[in-house]
Amino acid sequence: MAAPQRFWLLKTEPTAYSLDDLKRDGRTGWGGVRNYQARNLLRDELKPGDGILFYHSNAEPPGVAGLARVTRGGHPDPTAWRKGDVHFDPASTPTRPVWFQVEIEFTERFPRFVPLEEIRACHELQDMVLLKRSRLSVQPLEKHHFDRIARMGRRTSTGSARPAEAR
DNA sequence: GCCAACGTTGGC
DNA sequence: GCCAACGTTGGC
């Protein structure tokens, strides 16, 4: 597969759906997002091959558990028209969908979970959306954010132990 | 179209 | 469980 073109952070509560669940499933539809800004990103911006930081929110501790990638771009979120589903929204229909999802697949589980605290402490990562508008559940990332956190998760560098002048 | 009230997110 | 941040709703 071609190298990822763009990079995203997707948030999930691991009690609802964790990276281990994605590893087990292989692929999943990333649906149930009910925020317009996040919806617009899912619908218009995420493309097959894009890289994903898989973030566990409301977890102890919160942080990035590993990587995934987009396998299918924006398409209607079927959970919106499933009656009884917690994400059911009568305003969305198959002919006029309101909510969108993408399909993602498991890439890797970091040997070392990267806690939010460590991201906060890293000078290179201060401009991440995560640290500025933390509530958005689909966030754009710079490539250097993605690469940096992947390195942290793979232990080749801890960030905080690296001399500041080396940056 | 303003903005107060309200609901949700999510770190702590 | 608390509560700050912030997105959404709805009266005007």
Side-chain angles (χ1 to χ4, degrees), chain A residues 6-25 28-46 50-68 70 73-93 96-104 106-142 144-146 148-153 155 158-161:
Chain A
R6 299 178 75 185
F7 301 89
W8 309 95
L9 180 146
L10 295 187
K11 280 199 271 190
T12 176
E13 302 199 12
T15 53
Y17 195 85
S18 70
L19 183 61
D20 285 338
D21 292 326
L22 179 61
K23 184 175 184 179
R24 177 199 65 216
D25 296 342
T28 195
W30 199 256
V33 172
R34 297 293 178 265
N35 167 282
Y36 289 107
Q37 248 186 302
R39 185 279 309 267
N40 293 346
L41 294 173
L42 291 173
R43 186 188 58 196
D44 305 330
E45 306 295 337
L46 278 74
D50 285 359
I52 294 166
L53 292 181
F54 199 95
Y55 182 87
H56 284 177
S57 62
N58 253 318
E60 187 49 56
V64 179
L67 306 181
V70 179
H75 55 280
D77 175 354
T79 65
W81 52 70
R82 233 170 253 155
K83 279 188 180 135
D85 192 292
V86 289
H87 301 297
F88 176 69
D89 180 355
S92 187
T93 66
R96 303 200 63 170
V98 175
W99 303 111
F100 287 76
Q101 66 173 13
V102 297
E103 183 189 74
I104 68 172
F106 177 81
T107 305
E108 70 177 79
R109 190 184 198 285
F110 289 153
R112 194 180 144 277
F113 184 86
V114 181
L116 174 61
E117 186 181 22
E118 208 169 298
I119 294 170
R120 278 229 161 86
C122 181
H123 289 149
E124 277 177 57
L125 300 176
Q126 292 308 300
D127 58 337
M128 281 181 71
V129 174
L130 183 67
L131 302 185
K132 296 190 294 193
R133 302 203 25 252
S134 62
R135 287 184 54 181
L136 192 59
S137 65
V138 178
Q139 307 182 355
L141 290 173
E142 298 297 327
H144 77 272
H145 297 145
F146 181 91
R148 185 85 178 105
I149 289 174
R151 283 204 308 280
M152 289 158 89
R155 263 187 235 275
T158 62
S160 54

Quick tally for nucleotides 5-12 of chain B: nucleotides whose base has a protein heavy atom under 4.0 Å get B, sugar-phosphate-only ones S, the rest -, giving --BBSBBS
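- Annotation: side chain to side chain contact (heavy atoms under 4.5 Å, CB included) contacts of A:Thr79 (sequence neighbours excluded): A:Arg34, A:Asp77, A:Arg82, A:Asp85, A:His87.
- Under the salt bridge (Lys or Arg N to Asp or Glu O under 4.0 Å) criterion, A:Arg109 pairs with A:Asp20, not counting sequence neighbours.
- Remark: A:Asp25 pairs with no residue by the salt bridge (Lys or Arg N to Asp or Glu O under 4.0 Å) rule, at least two apart or across chains.
- For A:Pro14, the side chain to side chain contact (heavy atoms under 4.5 Å, CB included) test picks out A:Ser18, A:His56, A:Ala59, with sequence neighbours left out.
- Under the salt bridge (Lys or Arg N to Asp or Glu O under 4.0 Å) criterion, A:Arg24 pairs with A:Asp21, sequence neighbours left out.
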